Amino acid sequence: MTSPILDGLNEVQKKAVQTTDGQVLILAGAGSGKTNVLTRRIAFLIAERRVSPFHILAVTFTNKAAGEMKERVEKLIGPDSRRISIGTFHAIFGKILRYEAEKLGYKSSYTIYDSEDQLNLIKVSMEFLNISQELFAPSMIRSKITKAKNLFQGPEMMKSKADNPIDEKAATIYGEYERRLQKANAFDFDDLIIKPIQLFHEFPDTLTFYQDKFRFIHIDEYQDTNRAQYILIQLLAQGHRNICVVGDDDQSIYGWRHADIGNILNFEKDYPEAVVFKLEQNYRSTQNILRTANEVVKNNLNRKSKTLWTDKDAGTLVTVLECPDDRAEARHVVQVIQEKIRSQKYTFADFAILYRTNAQSRLIEESLMHASLPYVMVGGLRFYERKEIKDILAYLRVIANVSDTVSLKRIINYPARGIGKTTLERLEEFSEARNLTLFETLMQVRQLGSGWLQERALSAIQHFTEMINKYRELKEQLSFSEWTRILIEELGLLRMLKQENTIEAMSRYENIIELMTAIGEFGTSYVPSAEAETTLDAFLKDVALIADIDQFDDSKNALTLMTIHSSKGLEFPVVILTGVEEGLFPIDTDSQKDLEEERRLFYVGATRAKKDLYLAFAKRRMRYNNVYSTTQSRFIDEIPSELVNWERSAPSLGLGMNTYPHRPRTRGGLSRSIRETSDTMVESAYNRNSHYRAGQHVEHPTFGPGRITEMEGVGDRQKVTILFNDGVERRLMVKYANLMVR
């Protein structure tokens, strides 16, 4: 008798679900139903193979994906699904660290530091080591430490591999940063993967326990795993060797986050007995959209062979929008949306406008506002990153973990209570000299003798520590929502904002009210078990691990604007890819590896579309008050002509063809303006002898790593345009940029 769990699956999907023992690789093309297969497989293990939910692990990369997986499994098998360990890498292994932290010298009430907290701690570490923040930008140091951790390198290994002064300094700062993290009883995001590996290496019995607990391991989006995640999963899988990984090498687009496509490409080498299933039937897009994506991505050499297909109709042709300039591109995109809504009864929510870098959104936003079209952006300032919210969260973090010095310094004089910068510096010096946490010093301040601090400061410190200790007691006596409400009232933040009575103040007031609502909802829904985290710890962990995509709300009838990277995992009836130009998409590169990732990014963007796909490019684009000629992306050239419908838009008002001086179109992307012939010859000769060149990878003290996309000028006037890893392109004077070749 066939299991109902298999109903509606195609033959390949059924086999993948039923192959439950050993090592399994499921190559799942875009829109091929991978989440359906993964959740059915988990349900099949429990319902048909009688595997205890306790012994199943399922790991993915976003809270949104984990939530969807939980819901689907529960629909299939009921409440038993709640005993399955389903979550993101950071959530699953962060929870394990709650149980095991003491073995590594931490307390279970540890704090998770976000990128801003990391930066603050790095700055403190650099001040302690007397390392200039002008010469070595803290953001660059943070990037290097993150890279080292993702490669599973500690400070000593990083120092041994350093081959330049910047890396040597970064390794030194890394060591001090780690010391201060432990003193603060805090982990950064990378530690939530690194520390479990350390735990398993140092405590074999602990590894054996979790190997036996997680007898059946499932890893979603395996192509996005980095070196540290790979090591962690390999350690766990050594126990029962039942591991199923699901992914698509053609959707590996996070190399800049240190994801290693080799993990999925080499799975069969790591596990020679692995069974491989290819999910190639697409249930999302039309034939023409799929053919377009396939024709582009097949130009990559470093990939596993597969071809998406669908039994849907061919659908409309892919439309290429050729626009004379970037403003015309934005205007034409709006016109396309307006026309499709009028003629085909689409809603605003059916459209996604995607771009390669966040900077491209400005002109699009202006055009949408001018046309009064509603839109939402993914990737802006997140709710939990707003100042008023972080201030309150810092109080909660200190109440949960008084060793958290970064959070303590944020709130010790907020609202103002007379504990100034000089007082705080003296307290920190005393703490460091006696190897105390800052809070321990605050608790002893009255015993340090008279004259050390002014009486006003002493009284303020005493009042502050009494308040923190009061709420450390109250959190054991009252509900989560009750004691946090009392805390916020005592701080007087809402009253203060009401009195300020500006638009900004009232917006911050509403944000705090919304935070109180979120706390109330969490406190009602979270039910801690005997072994689980406290409600406060669980809330702070969830807040720390929220990603941009987790806050995407598809219930609003509005257009969606986001980067192509952010769109992964989503789908829309109509997708418009903008800026499909050489030098922008793909970004300028002389690296075949980087070019292949750009091509995979195009594949991801194209396959978000269900019915209609538009590719827009501008022949001229404004950058830094200069206009550059551009040319269509090679990705457009790689699409067979029979799949494409070509549209050309009129010049934008005020920025027509005659407004822009003539610039030559070249395959090299954003070309520099042509000057006098003699100047061009001098510039070319100078650039041949220059220390820098287009396509070169460099490091900037403030903006971090990036790639030179263009050079112009000579001598002291030489400028470089660099596309940095944060997606922003910046034009810099070489004389003052202090660039380091990578």
Side-chain angles (χ1 to χ4, degrees), residues 27 30 60-62 89-90 115 140 142-153 161 189-190 193 219-233 245-267 293 296-304 354-358 379 547-549 562-569 583-607 633-635 695-700 703-709 722-729 742:
L27 288 172
T60 188
F61 275 82
T62 67
F89 270 98
H90 294 98
S115 56
M140 178 181 65
R142 179 182 60 188
S143 174
K144 288 186 174 295
I145 291 173
T146 293
K147 181 178 180 180
K149 288 193 174 189
N150 280 282
L151 294 173
F152 196 56
Q153 294 177 359
K161 290 181 176 292
F189 288 136
D190 301 312
I193 307 300
I219 310 297
D220 191 18
E221 305 288 6
Y222 192 64
Q223 77 281 350
D224 293 335
T225 53
N226 59 34
R227 178 66 183 170
Q229 289 162 337
Y230 168 84
I231 292 171
L232 185 53
I233 293 304
V245 302
V246 184
D248 182 6
D249 52 299
D250 286 336
Q251 295 188 72
S252 179
I253 58 173
Y254 297 116
W256 51 280
R257 285 187 193 166
H258 316 297
D260 186 354
I261 192 174
N263 292 349
I264 193 167
L265 294 177
N266 297 323
F267 185 82
V296 173
V297 82
K298 77 178 186 182
N299 290 283
N300 281 355
L301 302 176
N302 196 31
R303 66 184 292 261
K304 288 183 175 290
L354 309 182
Y355 32 79
R356 177 63 180 82
T357 67
N358 278 306
D548 289 339
I549 195 62
M562 66 175 78
T563 64
I564 307 173
H565 281 99
S566 296
S567 72
K568 191 165 175 287
L584 183 56
F585 190 31
I587 55 175
D588 277 332
T589 178
D590 56 4
S591 163
Q592 181 65 25
K593 179 181 177 182
D594 291 344
L595 176 59
E596 292 204 354
E597 180 153 321
E598 291 288 301
R599 195 174 272 118
R600 292 193 294 269
L601 188 59
F602 177 89
Y603 173 89
V604 166
T607 54
S633 169
R634 70 190 71 190
F635 301 155
Q696 198 168 41
H697 291 267
V698 293
E699 191 104 20
H700 186 273
F703 304 124
R707 183 186 298 105
I708 296 175
T709 60
I722 303 173
L723 181 64
F724 288 94
N725 284 9
D726 62 3
V728 178
E729 197 171 50
R742 295 174 68 203

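All of these numbers come straight from a predicted model, not from anything done at the bench.
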Sole residue of Asp260, Asn150, Asp190 in side chain to side chain donor-acceptor pair (under 3.5 Å) with Asn226: Asn150
Close side-chain approach of Arg600 to Arg303, heavy-atom, < 4.5 Å: no
Ion pair Arg356/Glu598, N-O distance below 4.0 Å: yes
Any Ile708 side-chain heavy atom under 4.5 Å of Val698 side chain: yes
Steps toward side-chain contact (heavy atoms from CB on, under 4.5 Å) verdict (Lys568, Asp224): CA-CA 12 Å; Lys568 191 165 175 287; Asp224 293 335; 3.2 Å; yes
Worked check of side-chain contact (heavy atoms from CB on, under 4.5 Å) between Phe61 and Tyr222: CA-CA 9 Å; Phe61 275 82; Tyr222 192 64; over 6 Å; no
Ile193/Ile231 under side-chain contact (heavy atoms from CB on, under 4.5 Å): CA gap, chis, key distance, verdict: CA-CA 10 Å; Ile193 307 300; Ile231 292 171; over 6 Å; no
Tyr355: ring-ring contact (aromatic ring centres under 6.0 Å, His included) partners, not counting sequence neighbours: none
Whether Asn263 side chain and Thr225 backbone form a donor-acceptor pair below 3.5 Å: yes
Side chain Ser252, main chain Asp249, donor-acceptor under 3.5 Å: no
Parallel, tilted or perpendicular: rings of Trp256 and His565 (30°, 60°): perpendicular
Sidechain-backbone polar pair: Ser633 side chain, Phe585 backbone, donor-acceptor under 3.5 Å: yes
Donor-acceptor pair, side chain of Gln223 and main chain of Asp250, under 3.5 angstrom: no
Any Arg227 side-chain heavy atom under 4.5 Å of His258 side chain: no
Note, Phe89 side chain near Ile233 side chain (heavy atom, < 4.5 Å): yes
Side chain to side chain contact (heavy atoms under 4.5 Å, CB included) partner of Arg599, chosen from Asn299, Ile253, Asp594: Asn299
4.5 Å side-chain heavy-atom contact, Asn302 and Leu265: yes
Whether Glu597 side chain and Gly255 backbone form a donor-acceptor pair below 3.5 Å: yes
